[in-house]
There are 2 protein chains.
Amino acid sequence: MAIRLTDVANEAGVSLATASRVLNGSARKPAPEISDKVRAAAEKLGYFPNAQAQALARASTKLVGLVVRDIADPYFSTIARGVQRGLGDSGTQVLLASTDSDPTREIEAVRAFMSQRTDAIILSGSRGMSEDEQLLRLIESYQENGGQVVVIGQPLATTGGIQIDNAKTSENLAGELIRAGHRSFVVLSGDRNLLTSADRANGFLTKLKRTGLSAVDVIHGAFSREGAYMAMSDFLASHAAEISNQQLCVFCVSDVMALGALRAIRERGLRVPEDIAVVGFDDIPTLEDVIPSISTAHLPLEEIGRWAGEMVLSHGDARKMVVTGTPVLRESTEFFTRLP
Amino acid sequence: MAIRLTDVANEAGVSLATASRVLNGSARKPAPEISDKVRAAAEKLGYFPNAQAQALARASTKLVGLVVRDIADPYFSTIARGVQRGLGDSGTQVLLASTDSDPTREIEAVRAFMSQRTDAIILSGSRGMSEDEQLLRLIESYQENGGQVVVIGQPLATTGGIQIDNAKTSENLAGELIRAGHRSFVVLSGDRNLLTSADRANGFLTKLKRTGLSAVDVIHGAFSREGAYMAMSDFLASHAAEISNQQLCVFCVSDVMALGALRAIRERGLRVPEDIAVVGFDDIPTLEDVIPSISTAHLPLEEIGRWAGEMVLSHGDARKMVVTGTPVLRESTEFFTRLP
DNA sequence: ACTATCGTGGAAAGCGCATTCCCAAATCTG
DNA sequence: CAGATTTGGGAATGCGCTTTCCACGATAGT
């Protein structure tokens, strides 16, 4: 059906081997005269190398798998863009998989990527991991077969990646908030078994404790806008007293959750930050358009993705790097003293 | 290196053919007893079919290419999520390419997908197209070789896809705004050669003309948040008079642009909608978190993506469908009469 | 009872390409 | 100028798998 290299070789009157050498970066360069003939034939026939066949003959696919929790989430889509940028014009293609936070689907995605023999897998939206024996084994066997694994978040023992120091970042963030005057905190955390979520919440609490404070409450919701909205609504409904007494500061373990919480707060007729302050985590681009501007811990999301992409290209040195977020206090946490 | 089907066959004491028949959906089902033996061997060895080899031997890759302008743009990332949902658990993998609005990169992406022998290509962020001879030819040759093309936006003559009736949607939107009381409009359009942008702007203007109105001004900026921000800033600086005389209504050809415009307006110290009203187009999820709520034309973005995915699966009937957006007036276009 | 049919597993032929190996011609060396 | 060496094209092999095509034994038909 499609034009094969053989066809091109015939058309050019050379052998298959020569055609291959001309059209694909081989070490051996045929004579210019012959090369031109081959290239002309390829052009004329509209030849496209069959990537599958090439992958089979060589032993590399120029494919990298990217698994995220939800590609429509700005956090992940920004990282995804970074990955693409990092891969640049290396000719490497990105295979995308969304897991919807479902561990099963995550495993399926990795299996699929292993089947595709991707040169690397970038794991971005992973959960606890350390617990997930099955995934761990899968990854090990992938690595044994020469696959590279880059984890964004909490790199595994055996993998390289970009570690985000969630705990420390949260501590710093808490520190800044305290310095700004806040004393009454509520932590809005995500799923308990999501390591990212837990680390952020714990880091925050650690700092509070170390300063002699403690959280008014720690509440849990799904690690999503909706989850936060519901959790926050519940909280507001049952804690009217605390809220009218003091300016509470709600730390949400992600910006997306902060936005959900914000909505709940507004629906309740409360003002941010006058009645209740809100902080997020990640600094997703979406925040640019939200009023009041949301305080958060800035993570260089796109860069992180780019680094991951570059790591994949520099095949081999599976370095680890650590990123610590930067607290950014904006309008949503302006401190107001309550009159007694 | 990796376990091959041959290894599994040996381990199970059967032939390669039998192993293949057991492990991959063949028409012929070997005896249960033998099947179990093979499956056990595969499990024991940790066998993964080599997708490249399979693709070569069969003539299908179970791969679909998705090309978008920018995966970090909520418009595209929402569609991308839809596509994944539409593909469901069909085992089809998505190959992602971002073009950054560069026609060259778009062509490269399509070439890459052709090389990968993707079963289908979903073109989402395309531009004029009709003009781009090169892309057009590429696509035709892809189709001749059995590739399926689904275009989101403005389907080509030869392709199926989901057409978004931008013009009509804009007309309806303009109608609603007029009904709400607005009379002074400014159209903030994107790149002139972007069909989507032009259609939306023209549809809007058509409706105005048909109602006996005309736009105060039509301005152009890059089809992005930044582009709109700059264009709007310029406009505000040079049209102070018009603005203080009446409540202008700025129609932006996309929500993303509307957000950029909104920022420019706010930086100028103007209020929305009291001083100036703003309308977008698309109804991206981001709008949920913006205050004031932004009026727009709602497009079922995720559904559109899902339909595209489903079209790919139902290989063959390259249907076309037409989607017309629904005007949604929210706070950003509340009408205020100016005292004389 | 003997042939026609079916069901099953195995051998072998590709799928499209990269690459090793071989050989002829060209270039170099002294 | 003869022999040693390099250069460059072509034939052939194999990557891992699917899929005819065969051969063989079992079953059915008359």
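Proteins come first, then strands; the chains are lettered A, B, ... in the order of their sequence lines, and each starts at number 1. Owing to the predicted nature of the structure, the values given are computational and were not obtained by experimental measurement.
- Rounded to whole angstrom, the span from the CG atom of A:N145 across to the P atom of D:dG16 amounts to 11 Å.
- Atoms CG (B:D7) and C1' (D:dC15) sit 13 Å apart, rounded to a whole Å.
- A close approach under 4.0 Å does not occur between any side-chain nitrogen or oxygen of A:Q54 and OP1 or OP2 of C:dC17.
- Taking a 4.0 Å limit (strictly below) on heavy-atom distances, residues 37-45 of chain B does not reach DNA chain C anywhere.
- When the P atom of D:dC15 is taken as reference, atom CG of A:L16 falls 17 Å away, rounded to whole Å.
- Considering OG1 of B:T78 and CD of B:E303, their distance stands at 11.0 Å, rounded to 0.5 Å.
- A:L5 has its CG atom 6 Å from the P atom of C:dA18, to the nearest Å.
- Among the nucleotides C:dG16, C:dA18, D:dT18, the one closest to the side chain of A:R4 is C:dG16.
- OP1 and OP2 of C:dG16 both lie 4.0 Å or more from every side-chain N or O belonging to A:T6.
- Across A:Y142 and A:M114, no two heavy atoms sit closer than the pair CD1-CG, 3.6 Å.
- Following rounding to the nearest Å, A:E33 (CD) and D:dG8 (C1') show an atom-to-atom distance of 13 Å.
- Considering all non-hydrogen atoms of both residues, A:E11 and A:A41 come closest at CG-CB, 3.5 Å.
- The CG-P distance, from B:L23 to D:dT18, rounds to 9 Å in whole Å.
- What separates CD1 of A:I34 from P of C:dA25 is a distance of 15 Å, to the nearest Å.
- Of the candidates D:dG10, C:dG16, C:dA18, the closest approach to any side-chain atom of A:S15 belongs to D:dG10.
- When distances run from any side-chain atom of B:A53 to the nucleotides D:dT18, D:dT20, D:dC17, the shortest one goes to D:dC17.
- Checking B:Y75 against B:S124 by side-chain atom types alone, no donor-acceptor pair falls below 3.5 Å.
- Between B:R117 and B:T61, the closest heavy-atom pair is O-OG1, 2.8 Å.
- Taken to the nearest 0.5 Å, the CG atom of A:D100 stands 11.0 Å off from the OG atom of A:S224.
- The C1' atoms of five pairs define one axis at each end of the helix from C:dA1-D:dT30 to C:dG30-D:dC1, and these two axes lie 30° apart (to 10°).
- Closest to the B:N50 side chain, of the nucleotides C:dA18, C:dG9, D:dG16, is D:dG16.
- Using modelled atom types and a 3.5 Å distance limit, the side chains of A:T158 and A:Q143 yield a donor-acceptor pair.
- Atom-to-atom distance recorded for A:E302:CD and A:S77:OG is 10.5 Å, nearest 0.5 angstrom.
- A:S115 approaches B:P49 most closely through the heavy-atom pair OG-O, 3.0 Å.
- Counting only heavy atoms from C-beta on, B:L56 has its side chain closest to D:dG16 among D:dG16, D:dT18, C:dA18.
- To the nearest angstrom, P of C:dT19 lies 9 Å from CG of A:N24.
- Between B:F48 and B:R21, the one whose closest nucleotide on DNA chain D sits nearer the 5' end is B:F48.
- A donor-acceptor contact under 3.5 Å is not formed by the side chain of A:R117 with the base of D:dG16.
- Picking from D:dG9, C:dC15, C:dA18 the nucleotide with the shortest atom distance to the side chain of A:A31 gives D:dG9.
- Note on B:T18: a side-chain N or O is less than 4.0 Å away from OP1 or OP2 of C:dG10.
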